[in-house]
Amino acid sequence: MRTGIIKILNNANSNINKLEKNILGNNLELDETDINIQVKHILEDMQSILDYIAVNIHKKYCNNTQKKIYFIYSPIGENESQYINRLNKNFPGLHDKYPDIYNLLSNVQSFNDKSNWLVKLNDLTNEVKHNDLYISKVEKEKHTSFQSNDVSMHIVGDMSIQRFGESYGAFGTGEVYIGGEGRISFYEDGTIQIGSGFYNANNGETNGVEKIISFTNIVKSKKYNEDIVNLLKLIIDKEKILISNIEKYI
């Protein structure tokens with residue numbers, strides 16, 4: 001069983017990398033159905049890993065004839081005592097007789113791990129299996145770059161010039177990146193000095209500055225409004241740690 005768990009883990013990790021390459025490398029319209037099917041399979045694999053761990057633990061350490069065994073997770077807001085009460089019903093004796101195993105299981109629960117990766121995995125897997133395939137949404141993210149001979153400025157989203165007291169600055173809908181050795185200055189009339197060149201944000205005039213607009217694909221979880229690839233990476237990294245810690249017990 002341990003070999004199977006590792007193989008499923010490696011397969012899920014490989015599929016996450018393939019999904020990321022597909023999203024980042026596709027400048028055309030992404031097939032939303034295809035993306036969500038890929039996410040569905042990854043989520044189900046990662047959920048299966050936890051359930052197989054639970055089955056192994058149950059067989060080795062719990063005297064219980066219960067037929068269906070699932071990994072017990074603690075929803076947000078549940079305290080440890082409530083979790084122990086539910087755990088005892090399905091894994092009798094585990095908390096009292098095998099504290100090392102219990103601690104490994106409790107460390108990943110929402111009352112200890114504030115990333116809530118376990119809750120998110122359970123929520124998304126149940127949603128995509130039983131309610132809605134389209135748990136992810138495909139979006140286009142706009143990038144605007146300004147480049148002169150000696151400095152560049154990159155903004156995620158559209159750019160605007162805003163005034164704060166006696167100062168002015170450039171703002172986008174996301175991050176702003178600046179690189180190079182030149183100087184960037186902002187002026188009241190909307191002109192931005194970008195190294196040795198100038199750009200006017202009001203009328204779009206350029207002098208020694210090249211403006212480049214590009215778009216990249218981004219896929220977000222509808223429920224959590226997070227980048228789905230980063231969310232999947234978080235979950236699988238947490239599972240890798242759990243498997244590494246608990247492997248000797250299963």
Side-chain angles (χ1 to χ4, degrees), residues 5-51 73 76 108 110 113-147 152-160 170-179 210-244:
I5 289 173
I6 297 299
K7 286 186 176 180
I8 295 173
L9 180 77
N10 291 337
N11 184 67
N13 192 69
S14 175
N15 286 334
I16 292 173
N17 292 334
K18 290 177 182 177
L19 175 66
E20 182 176 34
K21 289 179 180 178
N22 185 23
I23 294 171
L24 296 178
N26 191 338
N27 293 321
L28 303 175
E29 292 296 324
L30 286 174
D31 187 320
E32 190 169 298
T33 300
D34 181 60
I35 290 294
N36 280 281
I37 289 174
Q38 291 180 61
V39 173
K40 175 181 184 294
H41 292 325
I42 293 168
L43 288 169
E44 289 175 345
D45 276 351
M46 294 194 295
Q47 184 70 58
S48 294
I49 289 169
L50 298 179
D51 289 337
Y73 82 100
I76 297 174
V108 302
S110 59
D113 190 328
K114 300 308 178 184
S115 71
N116 295 320
W117 68 273
L118 197 55
V119 173
K120 292 177 180 180
L121 172 59
N122 190 276
D123 282 351
L124 294 177
T125 305
N126 286 335
E127 182 69 15
V128 80
K129 284 176 65 176
H130 305 297
N131 298 319
D132 188 4
L133 172 64
Y134 297 93
I135 62 170
S136 301
K137 54 185 177 180
V138 179
E139 298 179 350
K140 292 287 185 181
E141 189 174 70
K142 184 177 181 180
H143 297 254
T144 307
S145 296
F146 303 88
Q147 299 177 355
S152 63
M153 179 170 65
H154 179 83
I155 294 174
V156 178
D158 291 309
M159 186 192 70
S160 63
F171 296 85
T173 54
E175 296 88 351
V176 177
Y177 305 95
I178 297 174
E210 181 182 13
K211 179 182 178 181
I212 303 171
I213 295 177
S214 61
F215 295 88
T216 59
N217 294 311
I218 183 169
V219 180
K220 289 186 177 181
S221 160
K222 289 182 179 179
K223 181 177 179 66
Y224 294 105
N225 197 34
E226 296 180 38
D227 184 312
I228 194 68
V229 171
N230 289 338
L231 182 53
L232 295 175
K233 284 182 176 180
L234 167 68
I235 294 170
I236 203 159
D237 285 345
K238 293 287 187 176
E239 286 196 338
K240 289 176 183 177
I241 295 172
L242 175 61
I243 290 171
S244 176

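Nothing fancy with the numbering, it's 1 onward along the sequence.
The OG1 atom of Thr33 lies 11.5 Å from the CD atom of Gln38; values are rounded to the nearest 0.5 Å. Distance check: Ile241 CD1 to Trp117 CH2 gives 9.0 Å after rounding to the nearest 0.5 Å. For the atom pair Glu210 CD and Ser145 OG, the distance stands at 9.5 Å (nearest 0.5 Å). Here OG1 of Thr125 is found 13.5 Å from NZ of Lys120. Values are rounded to the nearest 0.5 Å. A distance of 10.0 Å separates CG in Asn126 from CG in Leu43, rounded to the nearest 0.5 Å. Atom CD1 of Ile6 is separated from atom OG of Ser244 by 8.5 Å, given to the nearest 0.5 angstrom.
Here the closest heavy-atom approach between residue Ile49 and residue Ile243 is recorded as CG2-CD1, 3.8 Å. For Glu239 against Met46, the heavy-atom pair with the smallest separation is OE2-O, 2.6 Å. Asn13 and Ile236 get closest at one heavy-atom pair: N-CD1, 3.3 Å. Scanning both residues, Asn122 and Gln47, for their nearest heavy atoms gives CA-OE1, 3.7 Å. A pairwise comparison of heavy atoms in Val219 and Leu30 identifies CG2-CD1, 4.3 Å as the closest pair.
A 4.5 Å side-chain heavy-atom check between Ile218 and Asp227 finds at least one atom pair inside the cut-off. Residues Tyr224 and Asp123 have side chains in contact (heavy-atom distance under 4.5 Å, counting atoms from C-beta outward). A heavy-atom distance below 4.5 Å is not found between the side chains of Lys238 and Val108. Leu50 has its side chain within reach of Leu121: a pair of non-hydrogen atoms, C-beta onward, lies under 4.5 Å apart. A 4.5 Å side-chain heavy-atom check between Lys137 and Asn225 finds at least one atom pair inside the cut-off. Taking 4.5 Å as the limit, every side-chain heavy atom of Glu127 sits out of range of all side-chain heavy atoms of Lys223. Put simply, the side chain of Val39 does not reach to within 4.5 Å of the side chain of Val128, judged on heavy atoms.
Under the side chain to side chain contact (heavy atoms under 4.5 Å, CB included) rule, Thr216 has a single partner from Glu141, Glu139, Lys140, which is Glu141. Looking at Leu232, Leu124, Ile135 one by one, the single match for side chain to side chain contact (heavy atoms under 4.5 Å, CB included) with Ser221 turns out to be Leu124.
When atom types are taken as modelled, the side chain of Ser14 and the backbone of Asn10 share no donor-acceptor pair closer than 3.5 angstrom. Listed for the Asn15 side chain is a donor-acceptor partner under 3.5 Å among the backbone atoms of Asn11. Side chain of Lys222 to backbone of Tyr134: a donor-acceptor contact under 3.5 angstrom is found. No side-chain donor-acceptor contact under 3.5 Å links Asn22 to the backbone of Lys18. Between the Asn36 side chain and the Glu32 main chain, a donor and an acceptor come within less than 3.5 Å of each other.
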Any chance you could lay out the side chain to side chain contact (heavy atoms under 4.5 Å, CB included) test for Asp113 and Leu118, step after step, and finish with the verdict? CA-CA 9 Å; Asp113 190 328; Leu118 197 55; over 6 Å; no

